[in-house]
Amino acid sequence: MPDLDARAFDGPALDGTALDGNAIAGLLHEVFGTEMTSAIGTCASCGATGPLAECVVYLRAPGTVVRCRRCAGLLIVIARVRAMNCVDLRGLAALAAP
Amino acid sequence: MAGTAVRGRLTWQIATVGEVIDETPTVRTIELDVPGWAGHRAGQHLDVRLTAEDGYVAERSYSIASAPGEPVAITVQRIADGEVSPYLTGELRPGDELELRGPVGGYFVWDAGGAERPLVLAAGGSGIVPLRSILRDRQRSGSGVPARLLYSARSLPEVIYHDELDGYRDVAVTYTLTRRQPPGWTGHAGRITADLLAEVAWPVGQDPVAFVCGPTSFVEHAADGLVGLGYPPHRVKTERFGGTGGR
């Protein structure tokens, strides 16, 4: 678990508790160039499918981490390095744009 | 087309703060004049970016509080030791500039046009904000879709948009107060229960759709409860903002 006693954040609380894909609508749009919270992802670990909006999202990890709500498998990692977003989609077996 | 507003490049732009409205002692609505705003759908977000003098940047995502067609507004809850919300709720003044981008999101949205399913709205704390946009859109569009709202708040003074919500003649609003109840309170107290959900939610046979927004634990509890009542999971749209703020 991410540490919970770091200084408190706000907005969608970035305090280590899990959010969901709605919280990264802007980041996903920035990366993919279109609305992606309603895109359907398929987990490469367990095969579950569902909209990215329903996935588990951690903003306090090093980078933004998206996990499968069923098996907690890692789906997406987005790390901002200087002005560039580095995007790792290896945990997705498929991603169908809305 | 509703979808066209969210297509294309997402760029940061400068908005000007209009009216600010104190909703509760810790919650403020901020109206924003956004040049060239393409319009939004009820339930969408916008991202706010603050840049400190030393170049440190903080970004936060806020639900849009106004209905499509109304001036853009966000409603922000102050988190005492937060980085962004104390500025937005305490220091920002009408006429100030604010950097933002949006609208974003397309999952936790409701479109009045063509909507037929009875609405179940469940809010925990400031999770009421996108649901307020939905309710205002429903009202403004003249949608006849039946709607019920279940709103869980810590105490009565922490209920956001209280007068506005009580003003809806055709929306049954049920409050439950989790921490403190005023003397003589005859409403519900404590966290939402399966019984309360069963009382408020439309029967599954009416083919309803639910929107649930709030702290993560509230959303899990409410969504599981609705699925337990037989709601198909894909008819229970959820949005979690983490923490325990507002509950």
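Here is how names work: the chains are called A, B, and so on, in the same order as the sequence lines, proteins then strands, and each is numbered from 1.
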Query raised in the report: If you measure from CD1 on A:Ile24 to NE2 on B:His45, what distance do you get to the nearest 0.5 Å?
Result: 11.5 Å
Report task. Write down the atom of B:Asp47, the atom of A:Leu27, and the distance for their closest heavy-atom approach. Result -> OD2-N, 4.4 Å
Query raised in the report: Can you name the residues that form a side-chain hydrogen bond (donor to acceptor under 3.5 Å, both in side chains) with B:Arg93, not counting sequence neighbours?
Result: none
Report summary line: One should read off an interatomic distance between A:Asp20 CG and B:Arg240 CZ, to the nearest 0.5 angstrom, of 4.5 Å
Identify each donor-acceptor pair in which a side-chain atom of residues 89-98 of chain A lies under 3.5 Å from a protein atom, sequence neighbours left out, and give them as a table.
from    : atom 1 : to      : atom 2 : distance (Å)
A:Arg90 : NE     : A:Asp88 : OD1    : 3.2
A:Arg90 : NE     : A:Asp88 : OD2    : 3.3
A:Arg90 : NH2    : A:Asp88 : OD2    : 2.8

Query raised in the report: Do A:Glu30 and B:Arg101 have side-chain heavy atoms sitting under 4.5 Å apart?
Result: yes
Query - From A:Asn22 atom CG to B:Cys213 atom SG, the distance as rounded to the nearest 0.5 Å - result: 8.0 Å
Query raised in the report: Among B:Val109, B:Val219, B:Thr238, which has the most heavy-atom pairs under 4.5 Å with chain A?
Result: B:Thr238
Report summary line: For B:Glu97, the side-chain hydrogen bond (donor to acceptor under 3.5 Å, both in side chains) test, sequence neighbours excluded, returns none
Query raised in the report: Do you know the tightest heavy-atom contact between B:Gly105 and A:Ala25?
Result: N-CB, 3.5 Å
Query - Atom pair CG/CZ of A:Leu59 and B:Arg60 - distance to nearest 0.5 Å - result: 9.0 Å
Query raised in the report: Passes salt bridge (charged side-chain N to carboxylate O under 4.0 Å, His left out), B:Glu220 versus A:Arg69? Steps please.
Result: CA-CA 11 Å; B:Glu220 303 297 354; A:Arg69 187 161 293 282; 3.1 Å; yes
Query raised in the report: Do A:Glu54 and B:Tyr107 have side-chain N/O donor and acceptor atoms under 3.5 Å apart?
Result: yes
**Report entry** Sidechain N-carboxylate O distance under 4.0 Å for A:Arg80, B:Glu59
**Finding:** yes
**Report entry** Residues in residues 227-237 of chain B near chain A [non-hydrogen atoms, under 4.5 Å]
**Finding:** B:Val236, B:Lys237
Query raised in the report: Looking at A:Gly21, A:Ala53, A:Gly26, A:Pro51, which makes the most heavy-atom pairs under 4.5 Å with chain B?
Result: A:Gly26
Query raised in the report: Ignoring hydrogens and geometry, is there a side-chain-to-backbone donor-acceptor pair from A:Thr37 to B:Gly106 under 3.5 Å?
Result: yes
